[in-house]
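Shown next, in structure tokens, is the structure this report addresses.
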Amino acid sequence: MTLHLIQRSPFSNSALKDCLNIIDSQDSILLMEDGVYGLQHSLMQQTKLTAYALQEDMTARGLTSKNSIKEIDYCEFVNLCSQHQHVISWY
Amino acid sequence: MTLHLIQRSPFSNSALKDCLNIIDSQDSILLMEDGVYGLQHSLMQQTKLTAYALQEDMTARGLTSKNSIKEIDYCEFVNLCSQHQHVISWY
Amino acid sequence: MTHKILIIARSAPYGSSLAREGLDYVLTSAAYDQDICLLFLGDGIFQLLKGQQPKQINLKSQIGAMEILPLYDIEDLFVVEEDLIERNIDTKDLGMKVVSIKRAEVSQLINSQHKVLSF
Amino acid sequence: MTHKILIIARSAPYGSSLAREGLDYVLTSAAYDQDICLLFLGDGIFQLLKGQQPKQINLKSQIGAMEILPLYDIEDLFVVEEDLIERNIDTKDLGMKVVSIKRAEVSQLINSQHKVLSF
Amino acid sequence: MKFSLLILASPYSQQGGLSALKFAQACLNQGHQIYRVFFYHEAVQTASFLQTPQQDESNLHQLWCELAEQHKIDLVTCIAAALKRGVLDKSEAKRYEKDGFNLQKPFELSGLGQLLDAQINSDQLITFA
Amino acid sequence: MKFSLLILASPYSQQGGLSALKFAQACLNQGHQIYRVFFYHEAVQTASFLQTPQQDESNLHQLWCELAEQHKIDLVTCIAAALKRGVLDKSEAKRYEKDGFNLQKPFELSGLGQLLDAQINSDQLITFA
């Protein structure tokens, strides 16, 4: 089980797409930094994966929660990292 | 008439796509730095635009010329810049 | 002589400092009495989103700094309709008054300028 | 104890130094007797292209530096079939012996490792 | 748990350094341990004490120094990545006959072996790019 | 023709600085004039004389200094972008009470007005990012 950290906007960078290409259905995704713009992207609106978005980064950018993507804070971010076997950053 | 400098790989960055979205049929494109990986991309294989690629950057990366895309050196790069009204970098 | 200068803003704010550094150039150029217009292209659109609160991540507000633009007589803020649709954004989500154009009209805008620079 | 470490190489060479700095980490880890395997994902594939001549642009060869990998017993170089097709590259265009896997097999590779790091 | 952080992001051009600080703080608040923070690629600039941000901007160098002193965190900068980017301590400056230096404790210069050690000896290594 | 260059690329993490040098050389070889080279964003690091690349790597700082001296080229570094990134000259170091500096002639610190001036007074301003 892997937690994938998406750190770039999916509209200008392939990080999210590259990750989704190889992700396992048991894995989770966390959108952070410019990665939270993924909330506006069709790739995330369709996904059946467990997906999170970092609240601080959303609020900073004026984005609001969408669909089934859970908003979490840094405390929960740390917890998620401790609960997964691997944590991989995509940038 | 604008010369568009594409400085990033189209497989990982939206520079080329964003440029092609708004380009005029009179404009030209120059692939340079990681932008020369555009030679391998379907977007460039279809294009009817006047397109160039910087020879030094191709040779460095082991890429060879494709289709109707003209290889040029830095001297011709400078000439192209002087022949266009605007030069816009995409990165 | 006053030059017509177009600045193309292509960067989302906060992840990179380019959005902010591009804006700093816009403000400088305006202070020197140039005729500036701004085109928000692609992810640049995100600079205009309402309700940005970057204090949360210890950065300064991009939209906040843009509120000064009308004072410099910079009132031509262009956005591209297709970029908005692609990003699921409505013009009412934007915190500045903008002019929405089509992708096909961008090259006309570029050609009408003396100088163009993109950040 | 020897750890199974997977390094995911996602950067094209030369435009960014990440490809080179990732490889430096691979060589360091191998020198400390770890069990390293390398997965070239997306644009990372371009690191393996034959015939690179970066002297032209005043940079050091990525593929040249990789020729040392077998001496460190790093022989598991994985590439992804779909990435090759997307980039119009054939395995015979590559300068190193690689194992081609499918995208669907990547998560299995990741799960079989003690540690994973991507550059 | 034992966490280590790998920071690649440039301190004033990208957000990664700020995110890493928040992450480190959250780890410590929850009683986790930070085994090491390793600065590589562009992030080596974080180690320079010459950085002079405006008063209303975060001073990343200062913030790491404070966190490190408060919680005894190891701040390691990759020596090869740092030297070429103009980040060096007094002894490297002397060795290469440079007129000045910009790195000192609690930051230190060391090799990539320290990153490998962090990866092996931590439960998680989290990358901020 | 009169060219100016705007460099945004980080000197040892991206290729833009090397490309800009080749472009400048090609301009001069063809009898064009380089009105100014402006270093902004990450490229401000190019101005630091502390950079110590390996012997088989290009020293971008040195190469710009040589080109500038040979052809009397104006090398301007954005002062706001430079200060926060830890690039400063002797007088700024004194003003901000920093123990050292890393920028000197032929590089100089100045404001964004110099970029505007370059854009207006050159036939082309080419960006290397």
Side-chain angles (χ1 to χ4, degrees), chain C residues 1-39 41-44 47 54 57-62 64-66 68-69 72-74 109-119, chain F residues 1-11 13-17 19-20 23 33-47 74 76-88 108-129:
Chain C
M1 180 195 153
T2 299
H3 291 75
K4 289 175 68 169
I5 302 181
L6 172 67
I7 305 295
I8 305 179
R10 289 185 58 236
S11 310
Y14 310 121
S16 153
S17 66
L18 267 172
R20 185 53 186 244
E21 290 173 313
L23 181 60
D24 287 344
Y25 183 62
V26 167
L27 297 174
T28 301
S29 306
Y32 282 93
D33 273 335
Q34 301 300 316
D35 182 6
I36 307 293
C37 88
L38 260 162
L39 168 63
L41 206 64
D43 276 358
Q47 297 184 29
I57 53 170
N58 305 106
L59 288 167
K60 289 190 275 187
S61 176
Q62 181 75 8
M66 282 197 289
I68 201 180
L69 292 173
Y72 282 103
D73 291 324
I74 302 179
L109 177 63
I110 290 172
N111 291 336
S112 69
Q113 305 289 318
H114 295 120
K115 304 282 178 183
V116 180
L117 191 54
S118 81
F119 283 101
Chain F
M1 272 184 84
K2 261 196 276 188
F3 282 93
S4 284
L5 310 186
L6 167 60
I7 311 185
L8 305 175
S10 172
S13 305
Q14 298 178 294
Q15 200 195 334
S19 304
F23 187 88
Q33 186 195 338
I34 304 281
Y35 180 77
R36 180 168 297 144
V37 182
F38 194 89
F39 297 86
Y40 195 33
H41 191 59
E42 280 295 280
V44 298
Q45 301 291 355
T46 316
D74 214 14
V76 180
T77 309
C78 173
I79 186 165
L83 284 179
K84 65 179 177 174
R85 290 179 176 87
V87 176
L88 58 182
E108 53 184 308
L109 292 170
S110 191
L112 282 169
Q114 295 294 310
L115 175 58
L116 178 65
D117 174 80
Q119 187 170 34
I120 288 174
N121 293 309
S122 309
D123 299 300
Q124 288 290 8
L125 172 67
I126 313 292
T127 304
F128 294 86

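In what follows, every chain begins at residue 1, and chains take the letters A, B, ... in the order their sequences are listed. Keep in mind the model is a prediction, meaning the values are calculated, not measured.
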What are the sub-3.5 Å donor-acceptor pairs between chain F and chain C, distances to 0.1 Å?
residue: F:Tyr40; atom: OH; partner: C:Glu21; partner atom: O; Å: 2.6
residue: F:His41; atom: ND1; partner: C:Ser17; partner atom: OG; Å: 3.3
residue: F:His41; atom: ND1; partner: C:Glu21; partner atom: OE1; Å: 2.5
residue: F:Arg85; atom: NH1; partner: C:Glu21; partner atom: OE2; Å: 3.0
residue: F:Arg85; atom: NH2; partner: C:Ser17; partner atom: OG; Å: 3.3
residue: F:Arg85; atom: NH2; partner: C:Glu21; partner atom: OE1; Å: 3.4
residue: F:Arg85; atom: NH2; partner: C:Glu21; partner atom: OE2; Å: 3.2
residue: F:Gln119; atom: O; partner: C:Lys115; partner atom: NZ; Å: 3.0
residue: F:Gln119; atom: OE1; partner: C:Tyr25; partner atom: OH; Å: 2.7
residue: F:Ser122; atom: O; partner: C:Lys115; partner atom: NZ; Å: 2.7

Worksheet item: Could you give all pairs that pass the ring pair (Phe, Tyr, Trp, His ring centres under 6.0 Å) test and reach residues 108-129 of chain F, with sequence neighbours left out?
Response: F:Phe23-F:Phe128
Worksheet item: Non-hydrogen atoms of chain C under 4.5 Å away: do they reach the side chain of F:Leu125, the backbone, both or neither?
Response: side chain
Worksheet item: Where does C:Ile5 contact chain F at under 4.5 Å (heavy atoms): side chain, backbone, both or neither?
Response: side chain
